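Here's the structure we're looking at; comments come further down.
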Amino acid sequence: MTAETQPLSRKSYATSKTFSIALLPGDGIGPEVVAESLKVLSALQAQGVATFETQEALFGGAAIDATGDPLPDDTLNKCLAADAVLLGAVGGPKWDNPQATVRPERGLLGLRKHLDVFANLRPVRAWPALLDASPVKREIVDGTDLIVVRELIGGLYFGKPRGRKVGARYTRVVDTLVYTTPEILRILHVAFKIARTRRKHVTSVDKANVLASSALWRELAIAVGKEYPDVTLEHALVDSTAMQLMRTPGRFDVM
């Protein structure tokens, strides 16, 4: 499961017990996931935890089929007006054409940008009952409990210029990797704050030996780390980190 966070600014969550939720079932397994999630919300509402008002909207491939746009204005407006967005899944074989001018994933990127959901939280835990179902040996995955904090709205997905230019002799493509100091600082603070609630260890993964953006990332990680003296910070290159995740995943806490 994935959590994407944004500043809570629309209302005081400490006093409100009624929440509006924009439902985006999307594609594939999405409608099924949202339907099951609604059962959880109904159970919470029945117990008096809170009241949930929901509005469903088209999104992703389903929206392309109906409107030609993966993120129609009506859908975006419902999301901006809601307290939260419950999203199922995006895309599928029907729309899986790299040459298509409109793809479901563009709706997801647009939604992230408009909502400023910059932190993607990906927890990884090895459940005892499923240890033998893993393709990795039981003794390696046993005890794994980590969380990956991924920056969502900077970098290659949103940098400009980007595009394709077809010439007489060859085709040239450009994707631009861009980050600003505020974008990096805020995701680092999310990681350190989460670490304080866990085992107090942050692994900052970068490519600082090659990329200027990663060099800045590491520099800022060191600066932010000084604000959290109770949290241990280590730096790791993405290449070796991929190997260590397969060899000793239990050593990681927050990445």
Side-chain angles (χ1 to χ4, degrees), residues 1-15 83-85 108-109 111-126 136 140-160 162 175-255:
M1 299 181 66
T2 298
E4 298 179 1
T5 63
Q6 69 173 40
L8 303 180
S9 58
R10 293 193 181 92
K11 63 172 66 175
S12 172
Y13 284 76
T15 58
D83 295 311
V85 177
L108 181 61
L109 296 182
L111 189 63
R112 290 174 179 174
K113 196 70 172 179
H114 283 288
L115 295 181
D116 197 28
V117 284
F118 64 91
N120 187 313
L121 311 181
R122 295 179 177 256
V124 180
R125 181 175 297 175
V136 183
I140 292 178
V141 297
D142 192 11
T144 298
D145 180 8
L146 62 93
I147 184 166
V148 178
V149 181
R150 173 193 168 200
E151 205 287 324
L152 271 186
I153 60 174
L156 284 168
Y157 284 6
F158 293 94
K160 294 182 180 180
R162 62 182 295 126
D175 289 299
T176 303
L177 173 58
V178 178
Y179 272 113
T180 64
T181 299
E183 287 174 331
I184 299 173
L185 287 174
R186 65 182 182 177
I187 193 73
L188 285 168
H189 279 290
V190 169
F192 277 95
K193 288 176 181 178
I194 291 175
R196 273 185 165 172
T197 69
R198 293 170 51 89
R199 303 195 302 276
K200 297 182 171 58
H201 190 282
V202 170
T203 303
S204 178
V205 183
D206 59 41
K207 191 67 175 171
N209 59 334
V210 175
L211 300 177
S213 57
S214 282
L216 176 60
W217 188 289
R218 183 172 292 204
E219 175 186 326
L220 294 176
I222 293 172
V224 171
K226 294 177 180 178
E227 300 180 36
Y228 300 84
D230 54 323
V231 178
T232 299
L233 168 65
E234 71 168 336
H235 305 282
L237 296 176
V238 65
D239 318 69
S240 61
T241 302
M243 181 181 68
Q244 293 302 324
L245 274 171
M246 296 302 296
R247 294 183 61 192
T248 56
R251 67 176 291 272
F252 294 106
D253 181 18
V254 177
M255 302 181 71

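As the structure is a computational prediction, the values presented were derived from the model and not from experiment. The analysis underlying the following values was restricted to heavy atoms, covering all of them including side chains, and did not include hydrogens, waters or symmetry mates.
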Between CG on residue Asn120 and CD1 on residue Ile147, distance to nearest 0.5 Å: 9.5 Å
Determine the minimum heavy-atom distance between Val231 and Ala195, stating which atoms define it. CG1-CB, 4.0 Å
State whether the side chain of Arg218 and the backbone N or O of Asn209 hold a donor-acceptor pair below 3.5 Å, judged by distance alone. no
Side chain to side chain contact (heavy atoms under 4.5 Å, CB included) assessment of Thr203 paired with Leu146: CA-CA 10 Å; Thr203 303; Leu146 62 93; over 6 Å; no
Between Val202 and Ala191, the two heavy atoms sitting closest are CG2-O, 4.0 Å
Would you check if the side chain of Asp253 reaches a backbone N or O of Lys200 as a donor-acceptor pair within less than 3.5 Å? yes
Check whether any side-chain heavy atom of Thr241 lies under 4.5 Å from a side-chain heavy atom of Phe252, and answer yes or no. yes
List the atom of Val136, the atom of Met246, and the distance in Å for their closest heavy-atom pair. CG2-CE, 3.5 Å
Shortest non-hydrogen contact from Val117 to Ile153? O-CG2, 3.9 Å
Enter the distance from Lys113:NZ to Asp116:CG here, rounded to the nearest 0.5 Å. 8.0 Å
Between Arg196 and Asp230 (side chain of the first, backbone of the second, donor and acceptor by atom type, cut-off under 3.5 Å), is there such a pair? no
Rounded to the nearest 0.5 Å, what's the gap from CG on Leu220 to CG on Leu216? Could you check? 4.5 Å
Might you confirm whether atom CZ of Phe158 has over 12 heavy atoms from other residues, nucleotides or ligands at distances under 6.0 Å? yes
Quick one: does His189's side chain get under 4.5 Å of Val224's, heavy atoms only? yes
Over 60° means perpendicular and under 30° means parallel, so classify the ring planes of Trp217 and Tyr179, tilted if in between. perpendicular
Ser204 to Ala221 - nearest heavy-atom pair and separation: OG-CB, 4.0 Å
Any donor-acceptor pair under 3.5 Å linking the side chain of Arg251 with the backbone of Gln244? no
Stepwise side chain to side chain contact (heavy atoms under 4.5 Å, CB included) test for Leu233 and Phe192: CA-CA 9 Å; Leu233 168 65; Phe192 277 95; 4.0 Å; yes
I'd like to know if the side chain of Glu227 and the backbone of Pro229 have a donor-acceptor N/O pair within less than 3.5 Å. no
Hey, does Thr176 have a side-chain heavy atom less than 4.5 Å from the side chain of Arg162? no
Looking at every non-hydrogen atom in both residues, tell me the closest pair between Lys160 and Val178 and how far apart they are. O-CG2, 4.4 Å
From CA spacing to verdict: side chain to side chain contact (heavy atoms under 4.5 Å, CB included), Asp206, Leu237: CA-CA 5 Å; Asp206 59 41; Leu237 296 176; 3.6 Å; yes
Is there a side-chain contact between Ile194 and Leu121 in this structure, where contact means two heavy atoms from C-beta onward sitting under 4.5 Å apart? yes
What I'd like to find out is whether the side chain of Val190 reaches to under 4.5 Å of the side chain of Phe118, using heavy atoms alone. yes
